[in-house]
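Just so you know, ligand 1 is whichever comes first in the structure, and atom 1 is the first atom listed for that ligand.
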Amino acid sequence: MRHTSYIEISRQAYRQNMDFLKTDIGPKIEISVVVKGNAYGHGIENIVLLAEENGISHFSTFSADEAIQVHNSSKTGSEVMIMGMLENEDLEEIIQKGISFYVFEFDRLMEAINVAKKLQIKAKIHVEVETGFHRTGFEWEEKERLLKILNENCEQLSLKGLCTHYAGAESISNYVRVRKQIKLYKKFKNWFEAQGLFFEKYHTACSAATLLYPETKMDLVRIGITSYGFWPTQETYMYRFQSLPSTNKNPLKRLISWKSSVLNIKSVKMGEFIGYGSSYMAPRDMKIALVPIGYGHGYSRLLSNQGKVLISGKIVFVTGTVTMNSIAVDVTDLEKVKKGDEVVIIGVQGEFEITVASFGESSQQVNYELLTRLPLDIPRKIVE
Ligand SMILES: *Cc1c(COP(=O)(O)O)cnc(C)c1O
């Protein structure tokens, strides 16, 4: 059975991104590839495979189910780290599999200690501290109680990391807030060390922090969006532009392409309306191609009468509303278009390209959102 669209992931683009990141970050700092949100829409299995081909052996996920997927996909026994959701009832399986996880409140910490005791396996934990993101993390006032528990249960715990997350390192408007966070994180680190408590790795940086605040890189960086070929924001790119090597001013390459094919061709007389309602009236006799992707596949309704796709190497526009399963595009000026022809929604065809950014801007989504909303069931395959 044919799916209505498919996604291609470029191996070569991934290698280029990784080469750039490795050089930029330097050889002493470990890269953890963040694969939450189905690897930012690319498919966890695909990205684990490509990352390991590029020498990566550390992955970060949001939840336990994603971590198990990485664990099962890994061919080289990579380390896996859960940064968010983990039910106490899943702790046993996670500890048994040697997967490490964030601890940011006492309930999870105590339960992890209990399970580790029972299994006689150390729980690999990353202690997350609150520095100003105000989502998760131990508060400064909790540090004494935390220290006591960590010390008393050192037999059950492997202290893999001390970590935090910045609240918007991708924008200069958050500069003061991020600076304060860096300071508070260091205060935590110094305080624990003064009490004789050390962690294997100190890690705080996401893509934007890695690119803009070198001191946040420490022992390990958690890289998501840039490994998939996108700058966290336009601003990040502007900031880094001058410091990029003159031979490589555009080092990040999009891996993903999203393609479909023409389902049907139809002639529409001038003055007729196209699709639901009356948002588009044919201004001339037209030829319309129906493409079987709609808002149900992540193609936003905001792209009604706005979106563009590539057919026969030309840019063509969406006419009328985006429906649940399809869009109609104006192919009046394309001579040879026929049923089954390739349609590029994101990617290159001939001389033209539809970027994720252009697509995202017209639907008011950031890269992160657009990518992760691509449905799980669209087939994804790695291409060279
Ligand atoms: C998502 C996430 C990252 C990676 O962020 P990018 O901007 O995609 O690099 C790093 N750390 C944490 C805690 C995250 O949730």
Side-chain angles (χ1 to χ4, degrees), residues 14 17-18 20-22 24-25 29-42 44 47 51 56 58-64 66-67 70 79-86 99-105 108 125-138 160-172 174 178 181-182 185 201-214 216-237 239-240 251-252 254-256 356-357 360 365-374:
Y14 194 77
N17 297 339
M18 277 307 171
F20 166 70
L21 284 165
K22 284 183 201 164
D24 199 68
I25 291 163
I29 298 167
E30 182 163 20
I31 297 176
S32 180
V33 167
V34 180
V35 292
K36 64 192 183 194
N38 194 30
Y40 293 52
H42 294 68
I44 285 185
I47 295 303
I56 297 294
H58 201 293
F59 294 91
S60 301
T61 71
F62 176 72
S63 57
E66 293 169 340
V70 176
E79 276 197 53
V80 190
M81 175 170 86
I82 301 169
M83 305 185 293
M85 183 65 192
L86 170 58
I99 295 171
S100 68
F101 51 93
Y102 276 32
V103 167
F104 40 71
E105 36 89 29
R108 183 183 290 179
I125 65 166
H126 297 258
V127 172
E128 186 186 17
V129 290
E130 175 60 71
T131 58
F133 188 44
H134 298 300
R135 290 284 186 96
T136 49
F138 285 103
K160 300 296 279 183
L162 181 72
C163 51
T164 197
H165 188 52
Y166 299 111
E170 69 283 351
S171 171
I172 193 71
N174 304 319
V178 171
Q181 286 193 271
I182 296 173
Y185 176 82
K201 290 208 157 91
Y202 294 89
H203 57 96
T204 67
C206 58
S207 294
T210 300
L211 292 162
L212 303 186
Y213 298 85
T216 65
K217 290 192 275 185
M218 303 179 197
D219 301 316
L220 174 139
V221 291
R222 307 182 303 257
I223 300 290
I225 198 79
T226 44
S227 64
Y228 302 101
F230 304 98
W231 294 88
T233 50
Q234 186 68 17
E235 201 182 313
T236 325
Y237 183 40
Y239 184 91
R240 280 302 310 273
L252 297 178
R254 173 177 50 76
L255 319 182
I256 208 165
V356 171
Q365 302 178 83
V366 294
N367 289 339
Y368 295 82
E369 179 182 354
L370 186 138
L371 292 167
T372 50
R373 288 177 87 166
L374 292 170

[atom1] of [X] to [atom2] of [Y]: how many Å apart, nearest 0.5 Å?
X	Y	atom1	atom2	value
M83	F104	CE	CZ	11.0 Å
H203	R222	NE2	CZ	6.0 Å
N367	R254	CG	CZ	11.0 Å

Output, or 'none' if empty, a list of ligand 1-protein atom pairs in which both atoms are N or O and the distance is under 3.5 Å, rounded to 0.1 Å.
from	atom 1	to	atom 2	distance (Å)
ligand 1	7 (O)	Y368	OH	2.8
ligand 1	8 (O)	Y40	OH	2.5
ligand 1	8 (O)	I225	N	2.8
ligand 1	9 (O)	S207	N	2.9
ligand 1	9 (O)	S207	OG	2.5
ligand 1	9 (O)	G224	N	2.9
ligand 1	11 (N)	H165	ND1	3.4
ligand 1	11 (N)	R222	NE	2.9
ligand 1	11 (N)	R222	NH2	3.3
ligand 1	15 (O)	K36	NZ	2.6

Between L211 and R240, the two heavy atoms sitting closest are O-CD, 3.2 Å
Among all residues two or more places apart in sequence or in another chain, which pass the side chain to side chain donor-acceptor pair (under 3.5 Å) test with Y185?
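Partners of Y185 under the side chain to side chain donor-acceptor pair (under 3.5 Å) test: none.
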Taking the six-membered ring for Trp, are Y102 and H126 parallel (under 30°), tilted (30 to 60°) or perpendicular (over 60°)?
tilted
